[in-house]
Asker: 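Sharing a structure with you now.
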Protein chains: 2
Amino acid sequence: MPKQIVICDDHLLFLNGISELLKNTGNNYCIFKFSDVHSCRQHLIQHTADVFICDLNINHNDGFLLLEELKSQLKNTKTIILTAYYEDFLIQKAKKLGVDAFLKKETPAEELIEVIEAGKSKEFYTNKNYKQGNSVYSTMDNPIINKFRISKQEKEIIKLIIKGLTSKEIADVLFISITTVTTHRKNIHRKLEISNSSSLIKFAHENNLLL
Amino acid sequence: MPKQIVICDDHLLFLNGISELLKNTGNNYCIFKFSDVHSCRQHLIQHTADVFICDLNINHNDGFLLLEELKSQLKNTKTIILTAYYEDFLIQKAKKLGVDAFLKKETPAEELIEVIEAGKSKEFYTNKNYKQGNSVYSTMDNPIINKFRISKQEKEIIKLIIKGLTSKEIADVLFISITTVTTHRKNIHRKLEISNSSSLIKFAHENNLLL
DNA sequence: TACGCAATACCCATTAAAGGGTATTTTTAT
DNA sequence: ATAAAAATACCCTTTAATGGGTATTGCGTA
């Protein structure tokens, strides 16, 4: 039976292009294309897939969140992040999340096909010319995060604000007091020199803080 | 004779993908692919091309520089910038440089093919939903806008909220009362079934309300 | 012309956010 | 071991946002 491949990317030309590319490899692929996370999520919940290829930034949505959400659905699916952002901290984050491969869009088609054909395995794969740096990487290695000295918990709270949660709701999901959330928001504002959550969300988007 | 199309992009998967896409349109295209500016420059100096599709960021090189350099060689070539960066100042810069079209990578394949087939003309082309000026985009053909019956002024206010402005500041820039802004925000929330501005911003981003 | 809708603007009360403190405990790094 | 940073949590006041009304004006269009 043909491999079922789901691709999610908001760059339509890329989405359609890579779809044509895969169709013409000689391998028998059944390809499902999505340019928004919502319909992609729906599909993955209702159907199984052999391979799931996902961008990191889809209409300003976090591809990581989608992968995290669907983790249980993707137990038998080879998940591949395919993105223009090729940063150490993103690769490390993907690894931790249990993603099977992390490829940059500069990848040759042959390499992508190799990865697809290799099937699901325990090995994490990223591009051959990738050299890990000499330091230990964490999710905090985003240069903007470091520059503004945003802490882990603060970052967590930023993400929940972006999701539309109120301070009360954030307090509930993080099992902390609402006054603590208030303190964190206060500190975030001071560090970023802003004074409302709209500006915070704008800042986060502009600096890819959500990745 | 077939149209000679030169494409330059360092995202190999995109380059190969779009190449396959164009090959399978039924139109007879002769496609030359380059993933670095140097060999692309060499080719364009030594050969003529009907269409030249170029990214803006190729191995950290500026696509604009390449276009400027080769301006005299490209007198009879339709030049198209095809990039993920869709910013007003870039579009204006392209226009000034005499580039024929500026397309974002979210463009549907049909639109790209239309642009290619239109041939060289005096008209500058960019994506249909782009409107020059102080970021005034016509989103009224956006199905989401129509579905939720968001009016023109409401949309304007959404954009200002996303920019980080408070109700008072919005009132000032639109020359209306703060109570009017409040009313609009109230109506927007009711229509979208949300209850805070973070959710509003999330909704706007997810549905490309800003484009 | 009458209807609906958009845009304007106010009333009210309640809730949430913002920003000023201070302070404790826990974690991390030197 | 100790100092710094992070995370926790409260006090307070002020400001902004939310959501319930009502109401007028103008503008297309059926």
Asker: Looking across every strand, which nucleic acid part, if any, lies under 4.0 Å from A:Ser167 by heavy atom: base, sugar-phosphate, or nothing?
Answerer: sugar-phosphate
Asker: Nearest whole angstrom, please: distance from the P of C:dA6 to the CD1 of B:Ile188.
Answerer: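 Computing the B:Ile188:CD1 to C:dA6:P distance gives 12 Å.
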Asker: Mind calculating the distance between CG (B:Leu174) and P (C:dA9) to the nearest angstrom?
Answerer: 11 Å
Asker: Could you check how far CD1 of B:Ile170 sits from P of D:dT18, rounded to whole Å?
Answerer: 10 Å
Asker: Pick base, sugar-phosphate or nothing for B:Ser195, based on heavy-atom distances below 4.0 Å to the nucleic acid.
Answerer: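 Result for B:Ser195 = sugar-phosphate.
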Asker: Using 30° and 60° as the class limits, which term best fits the ring planes of A:Phe32 and A:His47: parallel, tilted or perpendicular?
Answerer: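 Rings of A:Phe32 and A:His47: parallel, as their planes differ by under 30°.
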Asker: Please state how far atom CG in A:Leu165 lies from atom P in C:dA17, giving the value in whole angstrom units.
Answerer: 10 Å
Asker: Checking B:Ser19 against B:Asn16: is there a side-chain donor and acceptor pair closer than 3.5 Å?
Answerer: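 The criterion, which ignores hydrogens and geometry beyond distance, is not satisfied for B:Ser19 and B:Asn16.
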Asker: If you look at every strand shown and take non-hydrogen atoms under 4.0 Å, does A:Arg190 touch a base, only sugar-phosphate, or nothing?
Answerer: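 Result for A:Arg190 = nothing.
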Asker: Would you mind reading off the distance between B:Glu154 atom CD and C:dA9 atom C1', rounded to a whole angstrom?
Answerer: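 One finds 15 Å between C1' of C:dA9 and CD of B:Glu154, rounded.
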Asker: Give a yes or no answer on whether the side chain of A:Thr79 reaches the backbone of A:Asp100 with a donor-acceptor pair at less than 3.5 Å.
Answerer: yes
Asker: Do B:Asn127 and B:Thr107 have side-chain atoms, one donor and one acceptor, less than 3.5 Å apart?
Answerer: yes
Asker: Using a cut-off of less than 4.0 Å, is there contact between a side-chain N or O of B:Arg149 and OP1 or OP2 of C:dC5?
Answerer: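 For C:dC5, OP1/OP2 do not have a side-chain N/O of B:Arg149 under 4.0 Å.
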Asker: Can you tell if the side chain of B:Ile7 reaches within under 4.5 Å of the side chain of B:Leu15, non-hydrogen atoms only?
Answerer: yes
Asker: D:dA7, OP1 or OP2 - any side-chain N/O from A:Thr180 closer than 4.0 Å?
Answerer: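 No, no such contact exists.
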Asker: Would you mind reading off the distance between A:Arg185 atom CZ and D:dA7 atom P, rounded to a whole angstrom?
Answerer: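 Distance check: A:Arg185 CZ to D:dA7 P gives 17 Å.
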Asker: Kindly point out which of D:dA7, D:dC10, C:dA7 is positioned nearest to the side chain of A:Gln153?
Answerer: D:dA7
Asker: Check whether the side chain of A:Ser177 and the base of D:dC10 form a donor-acceptor pair under 3.5 Å.
Answerer: no
Asker: Quick test of your reading of the model: are B:Lys71 and B:Glu68 salt-bridged, counting only N-O distances below 4.0 Å?
Answerer: no
Asker: Reading DNA chain C from 5' onward, which residue's closest nucleotide shows up sooner: B:Asn187 or B:Asn196?
Answerer: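 Going by which nucleotide is closer to the 5' end, it is B:Asn187.
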Asker: Quick one: label B:Thr179 by what it contacts on the DNA or RNA (base, sugar-phosphate, nothing), any heavy atom closer than 4.0 Å.
Answerer: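 It contacts base atoms.
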Asker: Students often get this wrong, so: under 4.0 angstrom with heavy atoms, is B:His189 touching a base, only sugar-phosphate, or nothing?
Answerer: sugar-phosphate
Asker: Can you see if the side chain of A:His184 gets near the phosphate of D:dT8 - specifically, an N or O under 4.0 Å from OP1 or OP2?
Answerer: yes
Asker: Heavy-atom nearest nucleotide on DNA chain D for A:Lys191 versus A:Thr182: which residue maps closer to 5'?
Answerer: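 It is A:Lys191 whose nearest nucleotide is closer to the 5' end.
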Asker: Pick the closest DNA chain C nucleotide for A:Thr166 and for B:Ile176 by heavy atoms, then say which residue is nearer the 5' end.
Answerer: B:Ile176
Asker: Over how many whole Å does the gap from B:Lys186 atom NZ to C:dC12 atom P extend?
Answerer: 13 Å
Asker: For B:Glu156 and C:dA6, what is the distance between atoms CD and P respectively, to the nearest whole Å?
Answerer: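 Going from CD in B:Glu156 over to P in C:dA6 covers 16 Å.
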